[in-house]
Protein chains: 2
Amino acid sequence: MSEKNQVTFKEIAEYTGFSKTTISRYFNKPATVTEKNRKIIREALDLLGYQENKVAHILATGKTEYVGVIVPNLDLDYYSSMLDRILKTYNEFGYKFIVFVGSNDTAAEERYIEELLAYQIEGLIIMNHTLPSESLCSLSVPVVAIEREDRFINSVNSDNYLGGIEAASLLTEKTCDILIHLNSPTDESIPASQRISGFRDYCSARDLRYEIMIRDFGYSHEEVYSHAKAAFEEMETRYPGMKKGVFCANDVIANYLLGQVIRKYGGLTPLYRIVGFDNTPVGVKAPYSISTVDQQIEVIAREAICLLMEKIRQKRTGDPAARVPIHKTVTPIVLRREST
Amino acid sequence: MSEKNQVTFKEIAEYTGFSKTTISRYFNKPATVTEKNRKIIREALDLLGYQENKVAHILATGKTEYVGVIVPNLDLDYYSSMLDRILKTYNEFGYKFIVFVGSNDTAAEERYIEELLAYQIEGLIIMNHTLPSESLCSLSVPVVAIEREDRFINSVNSDNYLGGIEAASLLTEKTCDILIHLNSPTDESIPASQRISGFRDYCSARDLRYEIMIRDFGYSHEEVYSHAKAAFEEMETRYPGMKKGVFCANDVIANYLLGQVIRKYGGLTPLYRIVGFDNTPVGVKAPYSISTVDQQIEVIAREAICLLMEKIRQKRTGDPAARVPIHKTVTPIVLRREST
């Protein structure tokens with residue numbers, strides 16, 4: 001890496017014999033420089049080793065190779081893992097990512113999107129829940145959602161229904177007295193709500209005793225912790241001495257629940273079998289490794305980019321299919337670890 | 001958000017009466033369109049509501065409002081927390097971030113930097129350890145390092161030396177029989193090596209019994225886990241029955257060490273007092289909260305952006321100070337939690 005971008009207006013002016021003002025006008029208001037003089041300056045730039053300017057290239061081709069990413073936060077393991085895998089696709093596909101960490105604030109998210117569009121992104125990957133897909137689908141670039149409401153836009157999601165079945169099935173193997181599912185209030189339009197349906201349908205079809213405990217686990221560690229603690233205390237009171245098989249909506253909830261079990265019982269106990277969802281690092285950071293339904297985050301990230309590329313291509317070639325949203329699902333895999 | 005960017009070449013052609021080829025040349029090779037015709041097209045674009053194009057704006061002003069960020073990975077909590085806080089500075093300062101997740105591969109990192117420079121970033125924030133500051137300082141944009149070798153470039157770091165003292169001091173309060181510091185082999189040029197010096201100087205000055213255990217804890221969870229486990233077993237063998245005060249180089253090591261303690265002793269034991277470093281979420285996810293030296297990641301992220309802005313300004317105004325690297329330190333704060 002040399003300082004090849006260090007060619008200054010002064011140097012270009014000296015080399016060409018023009019004034020610095022003329023050089024400035026060449027870059028900022030090229031229309032005010034005659035074509036003959038522009039040619040002289042262009043040749044001087046080449047000779048002086050002026051660095052390739054991708055911004056100029058973008059104007060010429062319309063291809064920025066930029067993709068925008070909006071993610072709710074990076075403190076929860078699922079989002080940081082997903083962003084990590086998305087960014088790493090650069091090595092395979094060459095797309096660069098402009099990343100925004102979103103709030104739950106609609107106005108802020110609209111501002112992020114306006115910024116991204118102004119910078120000529122070719123496509124958008126969105127994990128935030130703030131804006132409805134109905135408004136996202138009218139953007140001028142293709143949008144791929146991951147695990148959020150996706151009716152009018154493309155999406156790549158885990159097969160959440162199957163994941164719910166897999167979790168219930170794993171807990172059934174362990175002959176629990178009752179199966180419990182912990183989840184946040186999840187609208188049916190959100191793919192993850194299928195985890196609840198899969199779990200419920202599996203239990204109902206087999207006449208298993210089960211309960212679905214819906215609590216607002218929230219987005220911060222403090223919230224998840226306090227609700228997992230409250231849920232643990234409830235289970236202790238309601239089902240004393242019973243063997244409880246608990247399917248948690250994500251690994252973070254499972255981790256806090258296991259923490260409560262450890263605090264009370266000094267380690268694993270036959271009274272609890274715990275399985276999470278996602279396969280994020282939190283599941284292997286706990287004192288006892290936590291079984292989980294592996295979303296295959298790396299596969300989802302790669303599929304999201306591939307789907308986006310396909311939609312970008314369709315849009316560019318004027319293919320009418322560009323406007324038809326595609327929904328892909330990735331099959332999750334149960335990982336059996338110490339907590340079950 | 002409307003589709004205002006959807007004005008097509010065809011529409012512009014129809015509106016102006018020029019051919020689509022001429023419109024294309026206007027955007028791609030403006031020099032081949034006469035100034036008179038360019039003016040007509042420009043006015044048509046305005047009237048047709050062609051969306052503001054920041055890319056064109058960049059060419060005109062040289063200000064992209066882009067900052068490049070290179071981070072080693074997002075699986076380790078320190079990096080995902082730092083990136084989260086860096087990205088959130090958008091709300092205050094308006095800089096947009098193009099993010100690369102780095103490998104330890106020099107060629108890959110040079111490619112990331114070439115890409116970022118080609119996209120006209122205004123500055124670079126770097127957390128990777130791959131390239132020496134001596135080569136980074138010759139880039140055409142200001143560079144701010146966070147917790148990496150920074151001799152020739154700007155940096156914002158925790159006051160690591162003070163952090164080491166604070167950790168040793170906290171453990172001393174707890175009247176341990178021996179103080180132990182776990183760290184990876186850390187070159188003296190890396191700011192975090194000062195954690196070792198601070199710890200050692202504090203213990204030496206007070207004639208405390210101490211040991212510095214250097215193990216290559218690595219960058220993946222598997223590596224950190226297996227080395228923390230091995231270190232725990234070593235401490236058990238070497239100092240049986242003694243009260244051990246352990247200062248871990250980061251919260252992730254502290255978490256795995258606490259996990260081993262819980263697995264052996266069923267919970268906290270007077271035999272171990274553990275303190276980590278960073279104050280990342282991993283410290284509150286454990287079954288017992290882990291004391292830590294809080295780097296104040298949010299403050300560091302903000303200071304990094306402010307320093308970068310100052311250097312961008314100096315560079316733009318031709319201030320000779322632009323070339324003088326500035327090193328800022330942020331005072332860490334001890335957080336007392338259950339593990340001590």
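Below, chain A is the first sequence line, B the second, and so on; all start at residue 1.
Between B:Leu83 atom CG and A:Ser80 atom OG the span is 9.5 Å, to the nearest 0.5 Å. The distance from atom CD of B:Glu35 to atom CD of A:Glu35, rounded to the nearest 0.5 Å, is 12.0 Å. A distance of 8.0 Å separates OH of B:Tyr288 from CD1 of A:Ile262, quoted to the nearest 0.5 Å.
Summarising the local packing, CD of A:Glu223 is surrounded by more than 12 heavy atoms from other residues, nucleotides or ligands at distances under 6.0 Å. Remark: A:Glu298 CD is loosely packed, at most 12 non-hydrogen atoms of other residues, nucleotides or ligands lying under 6.0 Å away.
In terms of heavy atoms, B:Thr64 sits closest to A:Tyr119 at O-OH, 2.5 Å. The nearest pair of heavy atoms linking B:Val284 to A:Tyr256 is O-CE2, 3.5 Å.
Neither the backbone nor the side chain of A:Tyr265 has a heavy atom closer than 4.5 Å to any heavy atom of chain B. Neither the backbone nor the side chain of B:Val252 comes within contact range of chain A; no heavy atoms are under 4.5 Å apart.
Contacts with chain A (heavy atom to heavy atom, under 4.5 Å) involve these residues of residues 67-76 of chain B, listed by number: B:Asn73, B:Leu74, B:Asp75.
Side-chain atoms of A:Phe97 and B:Val101, non-hydrogen and from C-beta on, never get closer than 4.5 Å to each other. Put simply, the side chain of A:Asn91 reaches to within 4.5 Å of the side chain of B:Arg111, judged on heavy atoms.
Between the side chain of A:Asn255 and the main chain of B:Lys285, a donor-acceptor pair closer than 3.5 Å is present.
Annotation: maximal heavy-atom pairing with chain A below 4.5 Å, among B:Lys39, B:Arg85, B:Gln260, B:Glu222, occurs at B:Arg85. Chain B forms the most heavy-atom pairs under 4.5 Å with one residue out of A:Gly259, A:Gly102, A:Gly266, A:Gly94, and that residue is A:Gly266. The most heavy-atom pairs under 4.5 Å with chain A, out of B:Gly267, B:Pro281, B:Ser81, B:Ala108, come from B:Pro281.
The aromatic rings of A:Tyr90 and B:Phe100 sit perpendicular to each other, their planes meeting at more than 60°, with 30° as the lower class boundary.
By the side chain to side chain donor-acceptor pair (under 3.5 Å) test, A:Tyr79 is found to be paired with no residue, residues two or more places apart in sequence or in another chain being considered.
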